[in-house]
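Report on the following structure.
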There are 4 protein chains.
Amino acid sequence: MSITDKREEIIRASLELIAEHGFHGAPMSMIADRAGVAAGTIYRYFENKDALINDLYRDIQEKIYSEIAKGYQPEKPIRERFQYLLRVLLRFFIAHPSECRYLEQFHNSPYGAEVRRDIILRKSGDCFLYRELLEEGVAQQVIKDLPMAILFALAFGPLKYVIRDHILGFFELDEPLIERILEASWDCIRR
Amino acid sequence: MSITDKREEIIRASLELIAEHGFHGAPMSMIADRAGVAAGTIYRYFENKDALINDLYRDIQEKIYSEIAKGYQPEKPIRERFQYLLRVLLRFFIAHPSECRYLEQFHNSPYGAEVRRDIILRKSGDCFLYRELLEEGVAQQVIKDLPMAILFALAFGPLKYVIRDHILGFFELDEPLIERILEASWDCIRR
Amino acid sequence: MSITDKREEIIRASLELIAEHGFHGAPMSMIADRAGVAAGTIYRYFENKDALINDLYRDIQEKIYSEIAKGYQPEKPIRERFQYLLRVLLRFFIAHPSECRYLEQFHNSPYGAEVRRDIILRKSGDCFLYRELLEEGVAQQVIKDLPMAILFALAFGPLKYVIRDHILGFFELDEPLIERILEASWDCIRR
Amino acid sequence: MSITDKREEIIRASLELIAEHGFHGAPMSMIADRAGVAAGTIYRYFENKDALINDLYRDIQEKIYSEIAKGYQPEKPIRERFQYLLRVLLRFFIAHPSECRYLEQFHNSPYGAEVRRDIILRKSGDCFLYRELLEEGVAQQVIKDLPMAILFALAFGPLKYVIRDHILGFFELDEPLIERILEASWDCIRR
DNA sequence: GATGAATGAGGGTTCATTCAT
DNA sequence: GATGAATGAACCCTCATTCAT
């Protein structure tokens, strides 16, 4: 197993276990077992559990951004761009349920609160694309004129909820259903 | 202190501490301290920590239902009833941030997943009112014809997101803003 | 076993084990075993290992002071008082070898360095009696006129060395020998 | 880097780090870093950490002996020879504080106890010069007629104490002060 | 010979739970 | 019924040592 593989295995194991059992339900020893390494090995790649948790978060964020970047077309109308973004997110989380559950755990924890605050206060570049799009929509008077934080909630609240229930196995998401959800999300923020 | 008071104090202490620090950030000893009882005493009222957590959840649910019941008017139009429900929820969580944060912690944990499954599968009476309302709306063709679980997500997703950010202090919710959020939520599910 | 007894047992076990094996050769688990308590119990009486170590130091210091206080006669000549002090110390350490070895471990560690600095800089009341006596002797011109810290070294250096070797079993200290050592120590500082 | 250099670097790094942080505050990895070698490399030169610690002790002892040998004049009177020895020791430790602190750490540990026993029991040639001198002084009736181990304590106790406090920065040692300390040490053992 | 990633036993500490008082 | 001291399994993390490269 190469060095990169080992880090990758630890990341993967952490992702799965934390997604499934939460931060405190996934001891380092369990992560080590699942990754096929010794407990001490994790500490060669991550300073401590906190660092592992934060690094994993960054990893996922980057994957999502790169996914979005593949087909984002800034010249398209607001609505199309909005639906493109949500479509990518939905598909990503459907394809990567562990990543989704992990983000949920993360956001719902002291770690996440800080990150969210930075995003809201624009200290972090995360979510820049989303904000830019919404601001443009407000300026063009196609999106409701509400505080940005509220618009985020209206835009992404339904999606988050839908994905969680899908991952919990409450229903299946096929393409027509996805499109209708995107439509509804747009209804939520459009003028 | 009467027996009931003691149980009440334990509930209150758990609520506050778990809301603030999460399940694993609120040891039984800390709860006991805050409640003004001995650690062992908790176990006379609750079988163990899990039972305490679940009981607390039921308590909050009941408080919310009783709040809703106060002014719910089944004869009003779907839209008005929907906005009434959301308004009560919003106000309740604004007035009771600890309860709100607790529910979030709860739903975002192994405890919550089970509860949610029961609701969706109609094994639990919880959320019956919401479902009834949405089903009636679908039948009357004023609400989008989507699977019930999806409608739940569309209807409550924005609200959940909004409340969390409000409690985290990202913005203030005044009455006009609340009304606009209710309006947007309705836009999300209406035909 | 009473509460006091338990604390006492932990103190005793720590004393013996640290005296024998040093700070890092005496794990908390070993201390717990020797004290006849569970590992967690130690933390009811001491915040952590550091606190235990420091508390134990204070305990010993107090025992020594109370021993000295029993027969100290401020009106006696410098020389007699000096020899009284050293005699008490010698006898105490002969009777309590673990305490002696513990103090040695303590002084020879980050813990001790700080304590010693405070004593030298007069921030701590520890050793006040010793200093007072030496200062008086210098004023009366019966003790060499040297910086206080040097006088401490000349006065107590032989004693420390002697005790350590006695405890290591290199020789026996009987009363005549003790008196000759006191005499030599006095020779070291007297004019 | 030659083989000898590598060993030298490891020795130097160990010396500094152990002097500063103690045995358990100087992990092998830290020593390796400081020495500019890989952790595993240390084990080519030293069987294990214990061996390294003991070898380092021997190294320092040899340095001191060679320093003494430079100017020792066996034909001089006892007193002059004694003061010469102490003067060399004092100057050596003032010039080499790490070596001094290391020896202190060493003597104050399971390692040191064994070494000291061997010296006292004459199993080790270490300190032979000191002993010879003291024995000669006793025979000539210029030094107190006490057991050898006691004389060692009287002779070197003040010096050890003085040096430690000097290294801890409690005072400065200039030449006149050194001479007065040597004088006092002599007072301590002389008839 | 040299490397340094990997190991895993063992360290200090926490905390849900029990039970004698 | 209430207490809270005691328990001990389990947690996160360190580090002396090994061994494939």
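Fair warning: this is a prediction, and the values are worked out from it, not measured in the lab. Just so we're on the same page: letters track the sequence lines, and every chain starts at 1. Heavy-atom basis, side chains included; hydrogens, waters and symmetry copies ignored.
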Any side-chain N or O of C:Thr41 under 4.0 Å from OP1/OP2 of F:dT7? yes
Candidate nucleotides E:dA6, F:dT3, F:dC12, ranked by approach to the side chain of B:Val37 - the nearest: F:dT3
From the options E:dT17, F:dC11, F:dG4, select the nucleotide whose nearest atom is closest to the side chain of B:Asn48. E:dT17
Taking atom P of E:dG1 as reference, at what distance in whole Å does atom CZ of D:Arg7 sit? 14 Å
For atom NE2 of C:His24 and atom P of F:dC15, their distance in whole Å: 12 Å
Rounded distance in Å - CD1 (A:Ile10) to C1' (E:dA6): 10 Å
Is the shortest side-chain heavy-atom distance between C:Leu168 and C:Arg101 below 4.5 Å? yes
For A:Phe46, run the side-chain contact (heavy atoms from CB on, under 4.5 Å) check against A:Asp55, A:Ile53, A:Asn54 and tell me which one passes. A:Asp55
A:Phe46 CZ to F:dC13 P, straight-line distance once rounded to whole Å: 13 Å
Nearest-nucleotide wise, let me know which of C:Ser29 and B:Pro27 is further upstream toward the 5' end of DNA chain E. C:Ser29
Atom-pair distance (CG on B:Asp33; P on E:dC15), nearest Å: 12 Å
When rounded to the nearest 0.5 angstrom, what distance separates CD1 in A:Ile18 from CD1 in A:Ile31? 4.5 Å
Write down the distance between NZ (A:Lys49) and P (F:dA10), rounded to a whole number of angstrom. 15 Å
Considering heavy-atom distances to DNA chain E, does A:Ala38 or B:Phe23 have its closest nucleotide positioned more toward the 5' end? A:Ala38
Between P of F:dT14 and CD of A:Glu47, the distance in whole Å: 8 Å
Side chain to side chain, C:Glu9 and C:Lys6, heavy atoms closer than 4.5 Å: no
Closest nucleotide of DNA chain F for C:Arg44 versus for A:Ala39: which of these residues is on the 5' side? C:Arg44
Any strand, both distances under 3.5 Å, Watson-Crick or G-U wobble: F:dA5 pairs with E:dT18
Please examine the side chains of A:Tyr45 and A:Leu52, heavy atoms only from C-beta on, and report whether any two atoms are closer than 4.5 Å. no
Under 4.0 Å, heavy atoms only, any strand: does D:Met28 hit a base, just the sugar-phosphate, or nothing? base
Spacing of D:Leu52 atom CG relative to F:dT17 atom P, expressed in whole Å: 10 Å
Below 4.0 Å: OP1/OP2 of F:dA6 and any side-chain N or O of C:Lys6: yes
Using only side-chain N and O atoms of B:Tyr43, determine if any of them is under 4.0 Å from OP1 or OP2 of F:dA2. no
